[in-house]
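Take a look at the structure set out below.
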Amino acid sequence: MNAVIRSTGLWTPDESVSNDELVACFNAYVERFNAENADAIARGSVEAKNPSSSGFIEKASGIKSRYTIDKAGVLDVDRMRPRVKPRANDELALTAEAGVAAARDALERAGRDPKDVDAVICSGTSMQRTYPCMAIEMQDALGIEGFGFDMTVACSSGTFGVVNAINMIDTGMAKSVLVIVPEITTPQLNFRDRDSHFIFGDVAVAMLIEHEDVAGGEGWRVLGRNMMTKFSNNIRSNFGFLNASEDPEPDFEDRYFVQEGRKVFKEVCPMVAEMILNDMASFGLKPDQMKRLWLHQANINMNMLVAKKVFGREFEPDEAPVILDEFANTAGAGSLVAFHRHNDGFEAGEKGLICSFGAGYSAGTVFVEKL
Ligand code: CO8
């Protein structure tokens, strides 16, 4: 293949929330709910709510903290959701602003000018505006010519965006494509739901994919890529433009992120391990050639299981790096953020795999070799 991952860039909000801070707010909410509903709870007509715990969160998920666009709103027990200031028509959307910052970082690291880029793919799950198009907003803000488009495949948004960029380069349609994944996930999270209040964080990541002819021998050659999907609504959000006309108007609870976490865990891990091993075989690669796996970042125990199945042995932490402690789950951005943070120490010719998995279900693989 002739596509090269030339550089990556990252944006994070200034503020982060620790498990202890999040749990203190959640438990204050629970205490108040139980006190306000004491009679109904005693009668059995309302179920008492249970407290959350930092210990559970870290053990079950690997998450210690998460970035958020508005810590005060998340930790205000009367609100428990970040404040998002509406943007005027002539202002950049928040998601575009975050994506542009990550894109500028990627361009700067590669020493590239926006004029060098032919196309922008914006791929993610949390666009502030659905149209005209987040990618075109960012293309305009960055001063890139060519074209842009948005796409989403939930957890696999990042890798599917990268695969589309690789394909555009492989077919000669473009020489340089910027994939931008702005994931402002905390406004979609139900901070009053004990099962999921700790899961997500906000971030934006960008990846510059170039044709080898313009990459100047720098970066990571793409050795092979694949995408797979299999329908499941075990992870879903029923939010959408038709909601406003539905009768009765749906409860907002239904529009937040919802999952059957246990089922997801059980169904996705074997599916993705099998896909990785099959893909490796079809690209003529072997597990012992993989120096590092940059896996989707939803849950540390999922990553341990998938990596162990792929390597076929116990492995060192730097062979499958985890960023959940700092970032939590960042939806479609996770595996690209893991790659951005942990791609050091590679000699030319050493190989690795970027792999997303989750909602859809979906999984995407991108095998790379250091130039
Ligand atoms: N505090 C304390 N205890 C708790 C809490 C809590 N917060 N929550 C649950 N418990 C208790 C339960 O009550 C249960 O107690 P008991 O055994 O007495 O019944 C016990 O802990 C175990 O509960 P679970 O079985 O639910 O816990 P698990 O060990 O299975 O862990 C996880 C829960 C962490 C959710 C785990 O199942 C998991 O990670 N599953 C996979 C999740 C996953 O991969 N999801 C994909 C996410 S989707 C995505 O990446 C992108 C989506 C699209 C973007 C959306 C943007 C917002």
Side-chain angles (χ1 to χ4, degrees), residues 19-20 22-27 29-30 47-64 66-69 74 81-82 84 95 123-128 152-160 181-204 229 232-239 255-272 295-306 322-324 327-338 355-364:
N19 286 348
D20 285 348
L22 194 69
V23 165
C25 176
F26 182 87
N27 289 351
Y29 155 73
V30 166
E47 210 176 310
K49 289 190 186 291
N50 290 318
S52 185
S53 105
S54 295
F56 168 83
I57 294 171
E58 192 176 336
K59 187 161 171 286
S61 70
I63 296 166
K64 294 183 186 166
R66 69 284 296 143
Y67 290 100
T68 176
I69 50 166
V74 168
R81 57 200 167 92
V84 178
T95 39
S123 192
T125 59
S126 57
M127 300 313 145
Q128 187 170 24
T152 182
V153 203
C155 300
S156 290
S157 295
T159 56
F160 278 38
V181 189
E183 288 291 24
I184 308 297
T185 62
T186 56
Q188 294 178 59
L189 194 51
N190 185 351
F191 284 100
R192 293 190 174 91
D193 175 39
R194 179 174 179 252
D195 289 347
S196 65
H197 75 113
F198 54 89
I199 289 184
F200 286 100
D202 300 329
V203 80
T229 52
S232 163
N233 65 7
N234 284 332
I235 306 167
R236 67 184 186 282
S237 160
N238 288 340
F239 172 79
R255 305 184 205 176
Y256 283 125
F257 163 88
V258 179
Q259 76 166 348
E260 300 280 347
R262 275 273 154 132
K263 284 192 191 158
V264 173
F265 198 111
K266 281 203 186 117
E267 291 170 10
V268 167
C269 291
M271 182 193 89
V272 73
L295 298 177
H296 183 64
Q297 304 284 322
N299 177 291
I300 193 169
N301 301 313
M302 281 177 110
N303 288 26
M304 296 301 116
L305 200 59
V306 169
V322 170
I323 55 156
L324 286 158
F327 289 89
N329 184 341
T330 50
S335 57
L336 307 193
V337 176
C355 176
S356 67
F357 43 84
Y361 295 137
S362 62

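First listed ligand is number 1; within each ligand, the first listed atom is number 1. Heads up: numbering here begins at 1 and tracks the sequence. Below, each value reflects all heavy atoms present in this structure, side chains not excepted, and no hydrogens, waters or symmetry copies.
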So is there a nitrogen or oxygen of [X] less than 3.5 Å from a nitrogen or oxygen in ligand 1?
X      : answer
Thr185 : no
Ser52  : yes
Gly261 : yes

Distance from [atom] to nearest protein heavy atom, with residue and atom:
atom                    : result
atom 49 (C) of ligand 1 : Cys155 SG, 2.5 Å
atom 3 (N) of ligand 1  : Arg194 NH2, 3.2 Å
atom 32 (C) of ligand 1 : Asn299 ND2, 4.3 Å

Is it the side chain, the backbone, both or neither of [X] that has a heavy atom closer than 4.0 Å to ligand 1?
X      : answer
Ala298 : side chain
Arg262 : both
Gln259 : side chain
Asn329 : side chain

Aromatic centroids of Phe327 and Tyr67 separated by under 6.0 Å: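 Close enough - the centres of the two rings lie under 6.0 Å apart.
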Heavy-atom side-chain contact between Arg66 and Phe200 under 4.5 Å: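 The answer is no, as the side chains (C-beta and beyond) never meet within the 4.5 Å cut-off.
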